[in-house]
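Only one structure is covered here, and it is reproduced in the block below.
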Amino acid sequence: MNIKKYILTLSKQSLLSSNKSGTYSSSQKNNTLRAISCNLKSDTKKILDANKIDLVNAKQKGIKDSMIDRLILNKERIDSMRDGLKKIISIPDTLYRTSKAIKQKNGIYISQMRVPLGVIGMIYESRPNVTIDAAGLCIKSGNSVILRGGSESINSNKALMRCIKEALENNGIDPHAVQLIETIDRNAIDHLLSMNEYIDVIIPRGGKSLIEKVMSTSKIPMIKHLDGNCHVYIDNKADQEMAFNISINSKIQRYGVCNAMETLLIHKSFSKKCLKKILSTYSENNVEIRGCRNIKKLHPVAKLAQEKDWSEEFLSPIISVKIVESLNEAIEHITKYGSLHTDAIVSDDKGSINQFKKLINSSSVMVNTSTRFADGYEYGLGAEIGISTDKLHARGPVGLDGLTNLKYIVTSKGKIRS
């Protein structure tokens, strides 16, 4: 196979397909999403059989546990994909709608229309659910998308893609609106990143090495996040039960995800009894604690943290823990070591909460809430195509609105500028 020619063909097909987005009605797009959901249900066995092949291959290659966790498909995760599609269907379609026109003194009327971004190149690792999430969001938002999943999930993605293709064809939507790169040749990514003539946005979703490769290689605009070094700060005026539940759930509920807490910060005046309970619970759940000297004194089995631990996204049963002198020190720590993804405060003090909300510049700031809620599905977006830590265009979980933009519509009755 000539990889460059193959990727060029996909890119040209996607561009042509994106130009047709304005011809599809909301009901047509929603019916397509319903059909994908039905296909997922009827093809569940085929999908799970394909996923088993990927899992066997991944384990033989020695892929790390966090990626294996993301690769796994089961009935519950397929049901979750179907529920995500259901929520996308329920979101009002604002595409090509214009805001109320405002008349200017010069006699022209100004409004804005929401439009698709165009062609999206989606590069992701391990997570087969992204195939369905990205397809659903792009269909509803009027974008065409080229999907490039990791080699470890190729069989799962092909099985999911069959569900998508059948739904597109049966509902009169160009089948090139969603395309999967079906080769595991790594050169495919390099060629995809060079298609700036055809692709409007690249969305990389994966490990730090993938994101850095895309940033250094491509001239195509990106929606990205580098990593998820998420923090929970327990204030001196925090409810103890709430602090315990949030600090445990944020870390233990699931390890290999970008919204799992990696660093716990605790005010020096917070209850030592409750802190010991938190640390003991981590140890009971086989979570390795890398703490400051004060943490090691309280919990001797903890390892002494190294400088690199404070900026690490572990994606595993490892956590860094530090006792801080004040709220300001916590904010300074997060600002220095954080990744602008998700950071939480547990406190009953309104002043501390307001200061944290203002000064923590992450894409999601949680107040008395687990970091695990930083998710497009949980935010009511139906699904997400990624979580952006950028400061331009889209921030946080990127749903339908994040995949669209606005253009000005100017009307008049023959007005000319003097």
Side-chain angles (χ1 to χ4, degrees), residues 13-14 17-51 73-97 114-120 122 124 127-147 149 153 156-180 203 375-386 397-404:
Q13 290 171 338
S14 282
S17 180
S18 73
N19 293 334
K20 302 175 185 177
S21 64
T23 65
Y24 306 129
S25 66
S26 293
S27 60
Q28 191 175 6
K29 292 184 289 185
N30 286 338
N31 286 338
T32 303
L33 300 185
R34 288 189 188 94
I36 295 173
S37 178
C38 289
N39 292 343
L40 288 173
K41 184 176 181 180
S42 60
D43 282 6
T44 293
K45 186 179 183 305
K46 293 179 182 178
I47 295 166
L48 296 182
D49 287 344
N51 185 244
L73 286 180
N74 50 38
K75 186 178 182 300
E76 182 182 0
R77 290 189 180 182
I78 291 176
D79 287 344
S80 180
M81 285 188 269
R82 296 185 65 222
D83 195 46
L85 290 170
K86 184 179 179 181
K87 288 197 172 184
I88 295 171
I89 292 168
S90 70
I91 297 172
D93 189 354
T94 59
L95 202 61
Y96 299 116
R97 293 184 183 179
R114 189 160 291 280
V115 295
L117 295 179
V119 179
I120 293 171
M122 185 80 196
Y124 52 107
R127 306 169 183 260
N129 64 290
V130 173
T131 301
I132 296 299
D133 292 347
L137 287 167
C138 287
I139 291 167
K140 183 76 178 255
S141 61
N143 296 284
S144 61
V145 62
I146 301 173
L147 302 167
S153 57
S156 305
N157 288 334
K158 285 181 178 180
L160 293 169
M161 194 64 204
R162 286 191 286 272
C163 297
I164 296 166
K165 282 292 184 186
E166 182 181 332
L168 291 169
E169 291 168 355
N170 290 343
N171 287 276
I173 291 182
D174 189 333
H176 298 132
V178 182
Q179 299 183 96
L180 175 71
I203 302 179
D375 177 84
Y377 180 86
E378 298 292 346
Y379 285 7
L381 304 179
E384 67 185 38
I385 208 164
V398 180
L400 289 176
D401 280 351
L403 296 177
T404 62

So, taking the atom named [atom1] in [X] and the one named [atom2] in [Y], what distance separates them when rounded to the nearest 0.5 Å?
X: I139; Y: L400; atom1: CD1; atom2: CG; answer: 11.5 Å
X: L137; Y: I132; atom1: CG; atom2: CD1; answer: 11.0 Å
X: R114; Y: L403; atom1: CZ; atom2: CG; answer: 10.5 Å
X: T131; Y: N129; atom1: OG1; atom2: CG; answer: 8.0 Å
X: I89; Y: R34; atom1: CD1; atom2: CZ; answer: 5.0 Å
X: K75; Y: L48; atom1: NZ; atom2: CG; answer: 10.0 Å

Determine whether [X] and [Y] make a side-chain contact, defined as any pair of heavy atoms from C-beta on separated by less than 4.5 Å.
X: Y124; Y: L147; result: yes
X: S18; Y: N143; result: no
X: I146; Y: M122; result: no
X: Y377; Y: K87; result: yes
X: D83; Y: K86; result: yes
X: Q179; Y: Q13; result: yes
X: T404; Y: L117; result: no
X: L40; Y: L85; result: yes

Minimum heavy-atom separation for [X] and [Y], please, with both atom names.
X: E384; Y: P397; answer: OE1-CB, 3.7 Å
X: N157; Y: P128; answer: OD1-CA, 3.5 Å
X: L95; Y: V115; answer: CD1-C, 3.8 Å
X: Q28; Y: T23; answer: OE1-O, 4.1 Å
X: G399; Y: L381; answer: N-CD1, 4.0 Å
X: G172; Y: Y24; answer: O-CE2, 3.6 Å

Would you please test R127 and V130 for side-chain contact (heavy atoms from CB on, under 4.5 Å) and show each step? CA-CA 6 Å; R127 306 169 183 260; V130 173; 3.6 Å; yes
Between [X] and [Y], is there a donor-acceptor pair closer than 3.5 Å when you use the side chain of the first and the backbone of the second?
X: S144; Y: A177; answer: no
X: S153; Y: G149; answer: no
X: N171; Y: I173; answer: no
X: N51; Y: L73; answer: yes
X: S37; Y: L33; answer: no

Sequence neighbours excluded and cut-off under 3.5 Å, please list the side-chain donor-acceptor pairs for residues 163-170, or say none.
| unit_1 | atom_1 | unit_2 | atom_2 | d |
| --- | --- | --- | --- | --- |
| K165 | NZ | P175 | O | 2.4 |
| K165 | NZ | V178 | O | 3.0 |
| N170 | ND2 | E166 | O | 3.3 |

Quick one: do the D43 and N39 side chains pair a donor with an acceptor below 3.5 Å?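 Absent: no donor and acceptor within the cut-off.
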With sequence neighbours left out, write down each residue that passes salt bridge (charged side-chain N to carboxylate O under 4.0 Å, His left out) with R77, or none if nothing qualifies.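 For R77 the salt bridge (charged side-chain N to carboxylate O under 4.0 Å, His left out) partners, ignoring immediate neighbours, are D69.
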Run the side chain to side chain donor-acceptor pair (under 3.5 Å) check on N30 and K140 step by step: do they pass? CA-CA 7 Å; N30 286 338; K140 183 76 178 255; 3.2 Å; yes
